[in-house]
Amino acid sequence: MAVPPAEHVLDALAGPVAVLDHSGTIIAVNLAWRDFGRASSGEDVQHVGTNYLDICDRAVGVEAACAKAAATGIRSVLAGQSAFSLEYPCHSPTQKRWFQLRASRLDYDAHTYAIVAHHDITDRILVEQERQGLLAKAHRYQEQLKALSAVSTRIAATDAPEAIFHEITEQARLIIGAHWAATHTLPYALWPSDPVVVSVSDKYRGHPAPFLAQSGAGIYSHVVQLGRPLRLTEAELGAYPELQDMHFGDAASPAMPGVLAVPITGPQGGTLGVLMLLDKQNGEFTADDESILVQLAQIVSVSVESAVQTRAERESRERLWATHEHAGVGIAETNASGQFLTVNRGLLAITGYSRGELLNLSLFDLVHPDDSDTERALYDRQVAGELKTYSLEKRSIRKDGSSVWLNVSSTAVFDEQGGFRYSVRVIQDIDERKRFEQRQTLLVRELHHRVRNTLAVVQALAGATARTTTSTREFNRSFSSRIAALAKTQTLLTEDYWQTAPLREMLQCELQPFWGKQHERFRLEGPDVSLSADLAVPLSMAFHELTANAAQYGALSVRKGCVTVQWELVAAKDQRELHLTWVEQNGPPVGKPERSGFGSFLLERILPAQCQARAHLSFDPTGLQCEINVPLISHRLVPEY
């Protein structure tokens, strides 16, 4: 058998490949390399005879570092190293792309060569960037919750309102990421002597303090009257002239970039002040920022009220109780054995128990068995005086038996002799955040799974179409129609978080072009069924092949022809099966074809292999009939929320 020439072998490789001699001069390239060079430079150049290493050494600008690293690596291969790999960006004005350069050593006839190949890794890089973005967002949210818990723990032990307002103002700016923060308080005997507390970043640190304190007075008054949070972008703020007080127009004061302000509501419903932020460091203030600022306002409300109780002994218990009841978090007091002494409405909402039921339980009755040892060890150390405060994330069992993720901050109260009196527990429901993190992990996993499966399907379609067509034109037509059918199914899957596709809609996507007002061209009869992706993709391809065959040779090729598709769900061998029949009527006479095409191969070979399906074709003279029985998948990769 003849050995194909090396040039043909190189041209058969999918990626750009060049062969370099010991000096780095290009002595051969493949067709993909020439296309790669043409796409990059816009010129039809082969580079044969050009020294690749010199080109890399002379590179300037943003690509210089990567080019020089590539030259160094290729030289190492020519010097004896077996291989070298480098990933690098190669962006155009309209498209961002990434490639992997791989150089391999080749020793032949006492000479050393380097085989240089470039592989397009853009899809992998984009998926990784998306994953990193999701992880960064989840990490930021987790850090913000930790910061909220830490703030709550610190100010819970503070009995000075002045210190609380300064701490909450500073932390609000840092946690959300703003350049300017202020807390305006209503006049009150125990409040700070200065009613405005300001915290700024380096951006505004050079502005005079009086101007910084007076700025935002219009917003403060507006939010007090409004009684609810206010969040406006820079553009939206221009529509409220009453908020544009004189201090923002002063050159020494900050501009009016975007505002987020929430009222600090007292336990009796009155307004204690306003916590506001201006000039976010990255972008505009979001709904998540507003939620965090509302929680900070609630925390400061609880903490300041607790401080006031310390100074006003007679009203302390009543005010603390009211504050606890209106807090947006769960709060409880427990004794040395963990028995609940007091609980607030927030904890009732989190656990699902009534107040009376909780007061007959201990905190360990609610802890998930897997987290019980950790909670008990920390609590025992706190009772022993080894820990004043501790925080942890744990699972708790609700009254209905479901579990919920909580962030618990426990602070011990000791008597004058250092003996344990009780523990104050601040409990936040973080179940949504935990579910979000799990969901993102599963979605990323499903994304990788779906991409791999889709590429495998496209490859299989290309190979099968090539085997069953006799011309390039016929290949393009058949392959394009099958890719379009695959795209329709992927669209249905994507609309349901890539989980399922409705069977009826899959059939309608293929048969809808044949709908006629005067003649009923097709009928769909069966219950609503949603198919998982692993079943939907191969079945959609089968429906496409049946429809294409009917349009070319069968019932849909004549005006009065009709296709009836019926299906039902049947219990079989401890699982459900989908039984579907495809019947063509009023079409041309049907005979068994002389050779089997791709459709027959798909029904008789691919469906059984991928779906454990059973398919049978019947070439009845009155019309083609097809029966498909498919066991349904009971486990889904991505859970419902």
Side-chain angles (χ1 to χ4, degrees), residues 143-188 190-224 229-232 243 245 247-248 253-254 256-266 271-281 285 288-308 323 327-329 426:
E143 291 301 314
Q144 287 178 329
L145 286 179
K146 289 181 179 178
L148 282 173
S149 177
V151 170
S152 176
T153 301
R154 286 197 299 272
I155 68 175
T158 303
D159 60 358
E162 296 89 343
I164 292 174
F165 281 117
H166 279 89
E167 176 74 10
I168 211 70
T169 305
E170 177 79 5
Q171 292 303 317
R173 181 180 66 81
L174 295 176
I175 292 173
I176 296 179
H179 288 294
W180 184 92
T183 301
H184 287 249
T185 61
L186 289 174
Y188 191 73
L190 297 178
W191 271 194
S193 56
D194 187 351
V196 181
V197 178
V198 178
S199 171
V200 295
S201 69
D202 291 339
K203 180 178 180 180
Y204 296 131
R205 218 172 291 280
H207 290 74
F211 284 104
L212 291 174
Q214 295 171 24
S215 298
I219 297 173
Y220 160 72
S221 300
H222 184 75
V223 173
V224 170
L230 175 70
R231 175 164 53 92
L232 298 173
L243 303 183
D245 57 69
H247 306 293
F248 286 103
S253 295
M256 233 1 212
V259 61
L260 173 60
V262 300
I264 304 174
T265 305
T271 301
L272 306 181
V274 174
L275 179 59
M276 69 178 73
L277 301 174
L278 290 175
D279 196 2
K280 188 175 179 181
Q281 295 174 3
F285 293 109
D288 290 339
D289 297 333
E290 181 179 322
S291 175
I292 290 173
L293 200 62
V294 168
Q295 291 186 61
L296 284 169
Q298 292 170 337
I299 293 173
V300 73
S301 175
V302 173
S303 302
V304 168
E305 190 64 22
S306 177
V308 170
T323 303
V329 296
V426 179

(Q) For the backbone of V259 and the side chain of R231, can you confirm whether one donor and one acceptor N or O come within less than 3.5 Å of each other? (A) no

Taken to the nearest 0.5 Å, the spacing of L293 CG from L275 CG works out to 4.5 Å

ask   = Hey, what's the ring geometry for H179 with Y204, parallel, tilted or perpendicular (30° and 60° as the breaks)?
value = perpendicular

Between the CD atom in E170 and the CD1 atom in I175, the distance rounded to the nearest 0.5 Å is 10.5 Å

To the nearest 0.5 Å, atom CG of L278 lies from atom CZ of R173 at 12.5 Å

Shortest non-hydrogen pair, P263 vs A297, comes out as O-CB, 3.9 Å

Checklist line | T185 (side chain) donor-acceptor with G273 (main chain) under 3.5 angstrom | finding: no

- Task: Side-chain contact test, heavy atoms from C-beta onward, threshold under 4.5 Å: evaluate it for I219 versus V274 and give yes or no.
- Result: no

Between the CD1 atom in I292 and the CZ atom in F285, the distance rounded to the nearest 0.5 Å is 11.5 Å

Is there a side-chain contact (heavy atoms from CB on, under 4.5 Å) between V196 and T183 once you walk through the steps?
CA-CA 6 Å; V196 181; T183 301; over 6 Å; no

inquiry  = One pair to check against side-chain contact (heavy atoms from CB on, under 4.5 Å): M276 and W180. What are the steps and the verdict?
reply    = CA-CA 8 Å; M276 69 178 73; W180 184 92; 3.6 Å; yes

**Prompt:** Do T265 and S301 come close enough that some side-chain heavy atom pair is under 4.5 Å?
**Reply:** no

**Message:** Applying side-chain contact (heavy atoms from CB on, under 4.5 Å) to V262 and V223, what does each step give before you reach the verdict?
**Reply:** CA-CA 7 Å; V262 300; V223 173; over 6 Å; no

Between A178 and Q281, the two heavy atoms sitting closest are O-NE2, 3.4 Å

Subject >> L232 side chain near L260 side chain, heavy-atom distance below 4.5 Å >> reply: no

CD (Q295) and OG (S291) are apart, to the nearest 0.5 Å, by 5.0 Å

Distance col, row I264:CD1 vs H184:NE2, nearest 0.5 angstrom, shows 10.5 Å

| said: Under 3.5 Å, is there a donor on one side chain and an acceptor on the other for T169 and S199? | reply: no

